[in-house]
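Inspection log for the structure reproduced underneath, given as structure tokens.
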Amino acid sequence: MIELPGIVGFEIVKRQGGAAEIAVGPEIGEAEFLRLLRWLPKAHELSFYDQYFQGTPNDPGAYVSVQRQDDLFQYRLANHGWFRDWSYESPEQLAALMALNLGPCPNNPDPLKSVRITAGARLPMAFARR
């Protein structure tokens, strides 16, 4: 069962199997997202919708999946049948991306209101080789 660390502004609002939907409160910013990322256990995946990703006009945005192993973070983007390979990124950049999505985006006003954490996620191949 997923149990969050005590970060003000995050609240588990739904549990389903090994996953939890976490509401993102209005007081959340980059610092809180960074704490959440640094807490993220191995074999858990954090996911959220990036409304700013420039997809096609009929398929804007992308779903972002993030995994952590020790101090390394990888993420990948996907939407409606396509996905990109896993890439390394700093937790600071990932936290900044999540914070950017707190506000509405022109032509896609769907601000970030929740993130999802799933236990038992399969590690990206680069992590698996470590």
Side-chain angles (χ1 to χ4, degrees):
M1 181 183 293
I2 296 169
E3 295 298 331
L4 291 175
I7 305 172
V8 174
F10 289 118
E11 178 184 359
I12 296 176
V13 292
K14 182 179 178 184
R15 292 181 191 273
Q16 185 175 12
E21 182 180 345
I22 297 138
V24 176
E27 65 276 24
I28 295 294
E30 281 184 48
E32 290 79 16
F33 283 127
L34 187 56
R35 284 187 62 203
L36 184 66
L37 287 167
R38 289 201 169 131
W39 160 83
L40 187 66
K42 182 178 180 178
H44 284 60
E45 188 169 282
L46 181 144
S47 55
F48 65 96
Y49 183 70
D50 177 8
Q51 63 183 334
Y52 284 92
F53 179 78
Q54 296 299 314
T56 67
N58 295 333
D59 194 14
Y63 293 91
V64 180
S65 299
V66 177
Q67 289 193 26
R68 171 184 181 209
Q69 184 173 5
D70 302 322
D71 291 332
L72 298 175
F73 289 80
Q74 284 198 21
Y75 78 104
R76 87 170 176 187
L77 305 169
N79 200 354
H80 295 112
W82 63 265
F83 63 90
R84 291 190 175 173
D85 287 338
W86 290 93
S87 299
Y88 286 98
E89 188 54 82
S90 73
E92 292 83 6
Q93 287 287 28
L94 293 166
L97 178 60
M98 286 189 275
L100 173 67
N101 276 279
L102 290 171
C105 173
N107 301 322
N108 192 20
D110 190 19
L112 183 65
K113 293 186 173 122
S114 67
V115 298
R116 182 176 177 89
I117 296 180
T118 306
R122 194 170 171 168
L123 286 173
M125 288 303 292
F127 282 169
R129 288 190 293 265
R130 285 179 47 84

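Along the sequence shown, the residues carry numbers beginning at 1.
Contact record, Phe83 with Ala78: CB-CB, 3.6 Å, taken as the closest heavy-atom pair. Smallest separation of non-hydrogen atoms from Ile12 and Ala20: CG2-CB, 4.1 Å. The two atoms that bring Gln93 and Ser90 nearest to each other are N-OG, 3.0 Å, heavy atoms only.
Leu40 contributes atom CG, which lies 7.0 Å from atom CZ of Arg68 (distance to the nearest 0.5 angstrom). Atom CZ of Arg38 and atom CZ of Arg35 lie 11.0 Å apart (nearest 0.5 Å). Put simply, CD on Gln74 and CD on Glu45 are 11.0 Å apart, with the number rounded to the nearest 0.5 Å. Here the CD-OG1 distance, from Glu21 to Thr118, works out to 11.0 Å after rounding to the nearest 0.5 Å. The CZ atom of Phe53 sits 4.0 Å away from the CZ atom of Arg84 when rounded to the nearest 0.5 Å. Within the model, atoms CZ of Arg116 and CD1 of Ile2 stand 8.5 Å from one another, a figure rounded to the nearest 0.5 Å.
Checked by atom type and distance alone, the side chain of Arg15 never pairs as donor or acceptor with a backbone atom of Gly17 at under 3.5 Å. Judged by distance alone, the side chain of Gln67 and the main-chain N or O of Arg122 form a donor-acceptor pair under 3.5 Å. Distance alone, capped at 3.5 Å, places no donor-acceptor pair between the Asp50 side chain and the Asn101 backbone. Side-chain atoms of Gln51 come within 3.5 Å of backbone N or O of Gly103 as a donor-acceptor pair.
Contact check for Leu112 versus Met98: side-chain heavy atoms found under the 4.5 Å cut-off. A heavy-atom distance below 4.5 Å is found between the side chains of Ser87 and Tyr75. Contact annotation: the side chain of Trp86 approaches that of Ser65 to within less than 4.5 Å [non-hydrogen atoms, C-beta and beyond].
Leu94 and Tyr63 sit in two unconnected hydrophobic clusters of ILVMFWY residues. Membership requires side-chain heavy atoms under 4.5 Å apart, directly or through other members. Transitive grouping of hydrophobic side chains (ILVMFWY, heavy atoms separated by less than 4.5 Å) brings Phe33 and Leu97 into a common cluster. One hydrophobic cluster, built from ILVMFWY side chains closer than 4.5 Å, cannot hold both Ile22 and Tyr49; they sit in different ones. Ile117 and Leu34 fall into different hydrophobic clusters, where Ile, Leu, Val, Met, Phe, Trp and Tyr residues are linked whenever their side-chain heavy atoms come under 4.5 Å apart, directly or through other members. Cluster annotation: Leu77 is connected to Leu46 through the hydrophobic network of ILVMFWY side chains, with a link wherever side-chain heavy atoms come within less than 4.5 Å.
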Steps toward salt bridge (charged side-chain N to carboxylate O under 4.0 Å, His left out) verdict (Glu89, Arg76): CA-CA 10 Å; Glu89 188 54 82; Arg76 87 170 176 187; over 6 Å; no
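Taking the six-membered ring where tryptophan is involved, the planes of Trp39 and His44 are perpendicular, since the angle between them exceeds 60° and thus also 30°.
For the side chain to side chain contact (heavy atoms under 4.5 Å, CB included) test with Leu36, the passing option among Leu4, Val66, Val24 is Leu4; the others fail.
The local environment of CD in Glu27 is crowded, with over 12 non-hydrogen atoms from other residues, nucleotides or ligands closer than 6.0 Å.
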